**Q** 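Structure incoming, see below.
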Amino acid sequence: MLTVNWKSVSDAVSERAFSDLAPELAGAHETLAARTGLGAAFTDWLTWPGAYDRAEYDRLKAAAARIRSDSKALVVIGIGGSYLGARAVIEALGSPNYNLKQKDTPDIFFAGNNLSASYLREIIALIGDRDFSVNVISKSGTTTEPAVAFRLLKTLLEDRFGPEGARRRIYATTDKARGALRGLAERERYETFVIPDGIGGRFSVLTPVGLLPIAAAGVDTDALLKGARDAMQRLDARALADNPAWQYAAARTLLYRAGKTVEVLACYEPCFRFVGEWWKQLFGESEGKEQGGLLPVTLDLTADLHSMGQYMQQGLRNLLETVVVFDTPDDLLSVPFDPEDADGLNFLSGMRLFDINRRAFEGTYLAHVDGGVPNVVVHVPKLDAYHLGALLHFFMLSCGLSGTMLGVNPFDQPGVEAYKANMFALLGKPGYEKQGAALRARL
Ligand code: PA5
């Protein structure tokens, strides 16, 4: 199971402060578990890995098997919490180059997460004349980005396979009863999966929102859920020494109170990039409220040491850094011997890249700590489905705890609506006419 090393944080925050925070952590945990806090109606993710609907899950695995057998590509249409979790898991376990690999699972394309015409046209071109399916994921069904992409791809499917063939290739993940997509799915008789009422988008990766595309990509979803379920049990411990989620939530809360305003999440595996994007939404949307909250930022290391390393070492000292480290090598690739030694690297010959990467992490950790950036290190035993499931649950619980201690509602996102109202007004959506003229005058 994962562990948290917060040794370096004690330079900025005393051990005493950690133990003094324990009652507050216990209170926050109890508030979450008893469902009495702000946004409590959206905390079903807390027990989901043990409570999900087994019959729906079996149907989901059958749908994923069908997609794998009848499609060379799957287009996953969704934005924010309706796509980041799936992409995070597929890239972490299947590689950022998943689509380029030789495999017996379909290519996965993510659409509906922007409004770029060239992006969507390119996906359509990359699918070419191959058989494909669509998983449209939207709680409301009216979010502009996925709704526009779905119109286009639905038309493409209907042109290619006819209305009945298209119907069999469209899977809708949406609200169980309400919303535009639910209505459309029922009219058109698409196979549907439910976005649970009590789980918001950014906490939904282990629901059908994430699981259908993840299963279609061939990831072992049983192991992913088992990892989350085991983490759920272990992270229910109500003591700082026993609960890594408490330790992480405590470190970031105390550092925030000590004046840090930016949390940088770093990882030394490039395939982790979209877990970082998922983490950014999780913490940013949960805590960025009432003019407060740590700004979540991500680094891909070692690449970003050559672009952001200078700032990390000597820029504004408002940073804390959280590093996710995988402790087991997944590849034994090592540096070859070169008789010429023109690059002077023979001192590394025979050494595994895993070990060189590890020394890079250790050197960077010490440099950043010496430079005044406290580091919290999350050690994960291995990068596989089981441990990734545990890590996802760990981050969600830590987020619920620290958001509760921050005193905000960690489970709503009222600020996301502001841009939408302006965009609708500028697009001339019926009902928004008055605001449109006023907004245009300001541009
Ligand atoms: O976390 C969230 O709630 C958001 O990111 C939503 O998932 C996102 O806005 C998409 O909304 P919808 O699923 O209604 O299309």
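Just so you know, ligand 1 is whichever comes first in the structure, and atom 1 is the first atom listed for that ligand. Note that the coordinates shown come from a computational prediction; the quantities given were computed from them, not determined experimentally.
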**Q** Can you tell me which residue and heavy atom of the protein come closest to atom 11 (O) of ligand 1, and the distance to 0.1 Å?
**A** Thr143 OG1, 3.5 Å
**Q** Closer than 4.0 Å to some heavy atom of Gly80 - which atoms of ligand 1 meet that?
**A** 5 (O)
**Q** Short question: side chain of Thr143, backbone of Pro146 - any donor-acceptor pair under 3.5 Å?
**A** no
**Q** When you measure from the heavy atoms of Ser82 to every atom of ligand 1, does any distance fall below 4.0 Å?
**A** yes
**Q** What about the rings of Phe274 and Trp278, do their centers lie closer together than 6.0 Å?
**A** no
**Q** What distance separates Phe161 CZ from Arg168 CZ, expressed to the nearest 0.5 Å?
**A** 9.5 Å
**Q** Report the nearest protein non-hydrogen atom to atom 2 (C) of ligand 1: residue, atom name, distance rounded to 0.1 Å.
**A** Glu285 OE1, 3.5 Å
**Q** Do ligand 1 and Gly81 have nitrogen or oxygen atoms that lie under 3.5 Å from each other?
**A** yes
**Q** Under a 4.0 Å N-O cut-off, is there an ion pair linking Arg238 with Asp236?
**A** yes
**Q** If we count only N and O atoms by modelled type, under 3.5 Å, do the side chains of Arg252 and Ser402 hold a donor and an acceptor together?
**A** yes
**Q** Suppose we measure from atom 14 (O) of ligand 1 to each protein heavy atom; which comes out shortest, and what is that distance?
**A** Ser140 OG, 2.8 Å
**Q** Tell me which one of Gln281, Lys420, Gln413 gets a heavy atom nearest to atom 4 (C) of ligand 1.
**A** Gln281
**Q** For atom 8 (C) of ligand 1, which protein heavy atom lies nearest, and how many Å away is it?
**A** Ile79 O, 3.5 Å
**Q** Report yes if the distance between the aromatic ring centroids of Phe42 and Phe203 is under 6.0 Å, otherwise no.
**A** no
**Q** Describe, in one word, how the ring planes of Phe411 and Trp45 are oriented to each other, choosing from parallel (under 30°), tilted (30 to 60°) and perpendicular (over 60°).
**A** tilted
**Q** Minimum distance, heavy atoms only, to atom 3 (O) of ligand 1: which one of Ser204, Ala147, Gly201, Gly179 is it?
**A** Gly201
